[in-house]
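What follows is one structure encoded as structure tokens, with my remarks underneath.
Both backbone and side-chain heavy atoms feed into the values below; hydrogens, waters and symmetry mates do not.
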Amino acid sequence: QVQLVESGGGLVQPGGSLRLSCAASASIFFIYDMGWFRQAPGKQRELVASITRGGSTNYADSVKGRFAISRDNAKKMVSLQMNSLKPEDTGVYYCNLPGAAWAWGQGTQVTVSS
């Protein structure tokens, strides 16, 4: 069973930045497309960014131009650079396959507030 460990969240003011990281225990991590999900309070979990095994990226309209997903296959990690953060970016962030086939990690809380 693959384990996912997210980190890097915190409290940030609007307009600030955070960088999230996710470590995966998958032995052949490099073959998988990966995604970052967000679950805002009272809302369903949504996919906000994804990256293919070849490095192609895709973003939800709400984060396009502000977030950047990247991966390091040697370290079995995927990262999410979040800039120009808005209060509506608040939520718990998780990584997983875009189809969410692996067990969820504990997530990392991001709070954007002044």
Side-chain angles (χ1 to χ4, degrees):
Q1 180 73 0
V2 174
Q3 290 186 324
L4 300 166
V5 180
E6 300 92 349
S7 61
L11 172 64
V12 63
Q13 292 186 341
S17 298
L18 282 174
R19 185 174 180 85
L20 308 183
S21 295
C22 167
S25 64
S27 60
I28 49 173
F29 173 81
F30 66 93
I31 73 167
Y32 296 105
D33 299 345
M34 292 296 298
W36 277 98
F37 295 76
R38 172 172 71 199
Q39 187 163 23
K43 295 187 178 181
Q44 288 190 331
R45 201 169 302 181
E46 60 172 339
L47 179 67
V48 297
S50 62
I51 185 167
T52 68
R53 61 183 184 179
S56 297
T57 59
N58 196 40
Y59 300 93
D61 288 343
S62 59
V63 306
K64 201 170 292 184
R66 301 187 297 118
F67 289 12
I69 187 172
S70 59
R71 65 189 297 157
D72 185 332
N73 289 332
K75 295 182 179 179
K76 301 179 185 179
M77 295 188 71
V78 60
S79 299
L80 186 68
Q81 178 67 43
M82 306 187 297
N83 300 324
S84 302
L85 283 162
K86 304 176 180 180
E88 52 263 43
D89 294 318
T90 293
V92 182
Y93 285 71
Y94 303 85
C95 65
N96 208 318
L97 305 180
W102 288 340
W104 295 101
Q106 83 287 350
T108 187
Q109 175 71 47
V110 171
T111 302
V112 185
S113 175
S114 55

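- At least one side-chain heavy atom of Ser70 sits less than 4.5 Å from a side-chain heavy atom of Arg19.
- For the 3.5 Å distance criterion, the side chains of Asn83 and Ser17 qualify, holding a donor opposite an acceptor.
- Atoms OG1 and CG, from Thr111 and Leu18 in turn, are 9.5 Å apart once rounded to the nearest 0.5 Å.
- Screening residues 86-101 for side-chain hydrogen bond (donor to acceptor under 3.5 Å, both in side chains), with sequence neighbours left out, gives Arg38-Asp89, Arg38-Tyr93, Arg66-Asp89.
- To the nearest 0.5 Å, atoms CG (Leu47) and CG (Leu97) are separated by 11.0 Å.
- Proximity of Leu20 to Val110: side-chain heavy atoms (C-beta onward) are separated by under 4.5 Å at one or more points.
- Pairing each heavy atom of Gly91 with each of Pro41, the nearest pair is CA-CD, 4.4 Å.
- The side-chain heavy atoms of Val112 and Gln13, taken from C-beta on, include no pair separated by under 4.5 Å.
- Evaluation of the ring-ring contact (aromatic ring centres under 6.0 Å, His included) test over residues 35-68, restricted to residues two or more places apart or in two chains, returns Phe37-Trp104.
- Between Cys95 atom SG and Leu80 atom CG the span is 10.5 Å, to the nearest 0.5 Å.
- Looking at every heavy atom in both residues, Val92 comes nearest to Gln109 through CG2-OE1, 3.2 Å.
- Environment of NZ in Lys75: sparse, with no more than 12 heavy atoms of neighbouring residues, nucleotides or ligands closer than 6.0 Å.
- Note that the CH2 atom of Trp102 and the CD atom of Gln3 stand 12.0 Å from one another [nearest 0.5 Å].
- Here the closest non-hydrogen pair linking Pro14 and Ser114 is CD-N, 3.7 Å.
- Going from atom CE of Met77 over to atom CE of Met34 covers 10.5 Å, rounded to the nearest 0.5 Å.
- Rounded to the nearest 0.5 angstrom, Met82 CE and Ile69 CD1 are separated by 12.0 Å.
- At a threshold of 4.5 Å between side-chain heavy atoms, the hydrophobic network of Ile, Leu, Val, Met, Phe, Trp and Tyr places Val78 and Phe30 in one connected group.
- In the hydrophobic cluster analysis, where Ile, Leu, Val, Met, Phe, Trp and Tyr join through side-chain heavy atoms closer than 4.5 angstrom, Val5 is grouped apart from Tyr32.
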